[in-house]
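This is a predicted model, so every value here is computed, not measured. So that the names make sense, note that chain A is the first sequence line, chain B the second, and so on, each numbered from 1.
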Amino acid sequence: MAKITKLDDIVSLCKRRGFIFQSSEIYGGLASCYDYGPLGVELKRNVRNAWWKRVVQMRDDIVGLDCSILMHPMVWKASGHADKFADLVTVCRKCNTRSRVDHLADDGEEHTAHVRVEAAMAEAGELARKKCPACGAVGQFAEPMAFRLMFETEMGANVDDTMTLFLRPETAQGIFVNFRNVMDSTRVKVPFGIAQIGKSFRNEVTTKAFIFRTREFEQAELEFFCAPGTDDQWYEYWKAERFRWYTDLGIQGENLRLREHDPDELAHYAKGCVDVEYRFPFGSGDWQELEGIANRTDFDLRQHQRGMRTMNDWYEAGRDLTKITLKEEDADYIKGPLSYFNEETKERFVPYVIEPSAGIDRSTLAFLVDAYDEEEVKGETRNVLRFHPDLAPVKAAIFPLVKKDGMPEIARKIYDDLKARFTCFYDEKGAVGRRYRRQDEAGTPFCITVDGQSKEDNTVTVRDRDSMEQIRVGADQIRGYLMERLGM
RNA sequence: GCGGGCGUAGCUCAGUGGUAGAGCGUCACGUUGCCAACGUGAAUGUCGUGAGUUCAAAUCUCAUCGCCCGCUCCA
């Protein structure tokens with residue numbers, strides 16, 4: 001089995017078959033942005049739907065949400081993004097290595113704790129005595145560059161009355177700020193989860209690697225709220241459950257793994273974090289993150305309780321986020337507005353959160369790469385995408401063997417019937433063998449062919465993508481047959 | 001942001017100053033009639049973009065955009 005190993009081959013396949021195009025290509029392209037073509041949009045939608053079905057539809061303890069990309073600026077003050085997503089970076093003039101100012105220490109002693117951007121600014125003045133962690137040169141740093149990791153935009157048509165907003169860098173915060181609303185409207189009880197799929201935006205320092213790291217990307221996030229003390233078991237549960245989702249959809253086990261973060265790698269609020277990683281064929285064949293599953297403790301809800309208490313300061317500071325600091329927590333925070341009351345135990349607490357956060361674009365790429373296969377058939381190379389039926393962009397293609405003798409009419413009728421149930425493709429042009437192979441490269445699981453015999457006994461052939469074997473099925477049973485084989 | 005490589009048809013690529021090409025794919029017709037068959041014919045190019053040098057630029061120079069690899073970075 002010859003697997004493609006170069007990213008270029010994948011990019012080429014994606015363009016050739018209409019999965020993924022460079023954004024704004026006729027204008028020379030726009031860095032880090034990609035468009036999904038006719039097959040790609042179906043694939044990506046299927047990935048999204050597979051996630052939603054598993055995480056929301058099939059469960060009675062999780063509900064969905066779809067919140068706006070633009071949110072109140074205070075959301076990002078409370079979450080910490082407004083501070084931390086503005087890291088200062090400097091370059092060592094001697095070795096050209098870039099370092100974050102807040103990562104530098106005197107005489108090169110390393111520390112990785114995040115500090116507020118104001119503090120980093122203050123530190124920037126002291127670069128003269130900082131040591132480059134790469135080459136050891138002291139005081140060779142250039143003027144620090146401020147990286148705004150959140151996209152900014154303005155709301156308001158009247159230029160004199162606009163407010164600067166951020167495009168969300170993650171969908172999770174929209175869930176936290178709607179925690180109260182969902183609680184009040186849906187009669188859910190802890191433990192329960194809120195799930196959301198949507199676009200997020202980050203000004204990544206580096207992008208690259210095709211659609212793996214882009215500045216505009218789609219996330220599928222679940223915030224699963226549980227009682228303190230039960231968080232460890234739910235964390236373990238979601239690790240296993242999320243890993244299984246990928247393998248159930250056909251990712252080969254040897255290309256997938258869970259990687260637990262080291263304690264010093266954890267964000268300050270996280271109690272535990274594990275990545276679901278896939279071995280992508282780019283870079284040095286490195287394992288790359290598809291999804292992170294974190295135990296975020298009660299950090300987020302408590303932060304938003306602090307944010308709610310800070311609103312007056314924000315107004316008084318002329319709505320300038322940079323001029324305020326979050327108010328300290330109420331001593332009685334556990335009874336705050338985002339707390340939960342358990343009727344049975346009569347206990348009130350701020351729920352802990354387990355967060356599985358998956359990248360839809362990354363997963364789509366992984367499913368695409370993993371499904372790709374080449375095999376030798378009679379001296380010819382057959383390219384085939386062995387998608388799981390749930391993910392296949394087109395579920396069945398319907399052909400007349402030849403474009404005459406009434407075969408197209410019968411095939412059309414079958415096509416019209418099937419397309420109401422799932423995505424189908426009709427093709428009557430050229431040799432049937434070529435049509436089969438084209439569908440192989442699109443990953444279509446089944447091809448239905450109407451031939452001479454169809455008119456006599458009302459049967460058609462069903463050709464299997466993976467084995468290339470054909471069987472005859474009654475034309476009036478074809479729908480049920482396919483639905484069953486497709487697991488629908 | 002640094003270093004290296006690359007950018008010519010939908011894809012893979014050839015083309016080192018003098019008429020823009022090949023294979024594959026696509027389309028049409030014929031033939032065939034179950035696995036990328038064959039025959040004939042056809043369409044498709046801002047040679048990434050812009051400027052410069054030159055009688056003449058895909059080719060030389062500069063700038064710029066984009067992609068890949070390696071650093072760096074990365075909740």
Side-chain angles (χ1 to χ4, degrees), chain A residues 6-18 21-34 37 79-81 84-85 87 89-100 103 112 114 132-134 142 145 147 149 169-170 172 200 202-210 212-213 261 265-270 273 275 282-284 286 288-289 292 294 296 299-300 355 357 377-384 399-405 407 429-441 447-453 460-465 467-470 472:
Chain A
K6 293 201 297 292
L7 185 58
D8 280 340
D9 295 333
I10 296 160
V11 175
S12 168
L13 168 84
C14 284
K15 182 172 185 187
R16 191 172 67 242
R17 298 270 74 154
F21 307 122
Q22 170 94 59
S23 166
S24 314
E25 200 186 64
I26 63 168
Y27 290 109
L30 180 64
S32 171
C33 294
Y34 292 89
S79 72
H81 290 85
K84 304 223 182 74
F85 270 25
D87 303 315
V89 175
T90 185
V91 177
C92 173
R93 290 199 185 92
K94 198 176 168 199
C95 68
N96 256 325
T97 299
R98 284 207 305 196
S99 302
R100 272 170 54 171
H103 283 188
T112 54
H114 285 283
C132 175
M145 307 168 274
F147 277 86
L149 297 185
E170 63 176 28
S200 294
R202 293 181 195 172
N203 265 318
E204 300 285 353
V205 177
T206 46
T207 52
K208 304 191 175 180
F210 200 33
F212 180 79
R213 182 179 289 116
H261 285 210
E265 197 181 348
L266 291 175
H268 62 281
Y269 54 78
C273 187
D275 287 343
F282 49 71
S284 45
D286 267 346
Q288 300 280 353
E289 175 189 352
R296 293 176 72 120
F299 175 80
D300 299 281
E355 178 195 78
S357 173
V377 178
K378 293 178 184 168
E380 299 276 349
T381 302
R382 184 171 84 110
N383 294 337
V384 53
F399 311 140
L401 182 61
V402 290
K403 197 170 57 175
K404 59 184 180 187
D405 301 335
M407 294 181 208
K429 306 254 178 74
V432 74
R434 179 180 297 261
R435 285 179 264 160
Y436 286 147
R437 296 302 177 87
R438 259 200 291 255
Q439 293 305 314
D440 288 340
E441 210 173 18
C447 292
I448 316 304
T449 302
V450 172
D451 57 16
Q453 194 181 327
V460 295
T461 65
V462 179
R463 181 259 195 189
D464 180 86
R465 174 195 67 199
S467 66
M468 293 192 290
E469 282 168 7
Q470 289 176 280
R472 295 204 76 88

Rounded to whole angstrom, note down the C1' distance from B:rU12 over to B:rU26. 16 Å
From B:rC11, B:rA75, B:rG66, pick the nucleotide closest to the side chain of A:Ala31? B:rG66
How far, in whole Å, is B:rG50 from B:rG66 if one measures between their C1' atoms? 15 Å
List the steps and the verdict of side chain to side chain contact (heavy atoms under 4.5 Å, CB included) for A:Phe399 and A:Gln439. CA-CA 11 Å; A:Phe399 311 140; A:Gln439 293 305 314; 3.8 Å; yes
Taking the P atom of each, how far is B:rG23 from B:rU64, in whole Å? 39 Å
Could you tell me which residues satisfy salt bridge (charged side-chain N to carboxylate O under 4.0 Å, His left out) with A:Asp464, sequence neighbours excluded, listed by chain and number? A:Arg485
Of the listed nucleotides B:rC11, B:rC67, B:rA75, the one nearest the side chain of A:Glu170: B:rA75
Any strand is fair game: report the nucleotide pairing with B:rU61 by Watson-Crick or G-U wobble, both distances under 3.5 Å, or none. B:rA51
Any residue meeting salt bridge (charged side-chain N to carboxylate O under 4.0 Å, His left out) with A:Arg296, in chain and number order, not counting sequence neighbours: A:Glu170, A:Asp300, A:Glu355
At less than 4.0 Å, is any side-chain N or O atom of A:Lys429 found next to OP1 or OP2 of B:rU26? Yes or no. no
Counting only Watson-Crick pairs (N1-N3 plus N6-O4 or O6-N4) and G-U wobbles (N1-O2, O6-N3), all under 3.5 Å, who is the partner of B:rA9? none
If you measure from the P atom in B:rG4 to the same atom in B:rC13, how many Å do you get, rounded? 22 Å
Holding to salt bridge (charged side-chain N to carboxylate O under 4.0 Å, His left out), I want the full list of residues that pass it with A:Arg438, two or more places apart in sequence or in another chain. A:Asp427
With heavy atoms under 4.0 Å as the rule, sort A:Phe21 into base, sugar-phosphate or nothing. nothing
A:Arg17: what forms a salt bridge (charged side-chain N to carboxylate O under 4.0 Å, His left out) with it, not counting sequence neighbours? A:Glu441
Nearest-Å distance, CG (A:Asn203) to P (B:rG1)? 12 Å
In Watson-Crick or G-U wobble terms, both distances under 3.5 Å, what is the partner of B:rG3? B:rC69
Between B:rC74 (P) and A:Phe212 (CZ): distance, integer Å: 15 Å
Taking the P atom in each of B:rU44 and B:rC2, what is the distance between them to the nearest angstrom? 42 Å
Taking the same atom, P, in B:rU19 and in B:rC29, what whole-Å distance lies between them? 37 Å
Between A:Glu289 and A:Leu30, which is nearer to the 5' end of RNA chain B once each is assigned its nearest nucleotide? A:Leu30
Its contact letters, B for base, S for sugar-phosphate only and - for none at protein heavy atoms under 4.0 Å, make nucleotides 30-51 of chain B read ---BBBBS--------B-----
Any strand is fair game: report the nucleotide pairing with B:rU16 by Watson-Crick or G-U wobble, both distances under 3.5 Å, or none. none
Atom-to-atom span, NE2 of A:His261 to P of B:rC74 - whole angstrom: 14 Å
C1' spacing across the pair B:rU53 / B:rU59, given as an integer number of angstrom: 13 Å
With both distances under 3.5 Å as the test, what is the Watson-Crick or G-U wobble partner of B:rG41? B:rC27
Apply the test side chain to side chain contact (heavy atoms under 4.5 Å, CB included) to residues A:Phe210 and A:Cys14: give CA-CA distance (whole Å), side-chain angles for both, the deciding distance (0.1 Å), then the verdict. CA-CA 11 Å; A:Phe210 200 33; A:Cys14 284; 4.0 Å; yes
Nearest heavy-atom pair of A:Leu30 and A:Gln22: which atoms, and what distance? O-NE2, 3.1 Å
In whole angstroms, how far is the P atom of B:rG25 from the NZ atom of A:Lys15? 19 Å
Check side chain to side chain donor-acceptor pair (under 3.5 Å) between A:Arg472 and all other residues, then give those that pass, not counting sequence neighbours. A:Asp451, A:Gln453, A:Thr459
In Watson-Crick or G-U wobble terms, with both distances under 3.5 Å, the base opposite B:rC35 is none
Rounded C1' spacing from B:rU46 to B:rA20 in Å: 14 Å
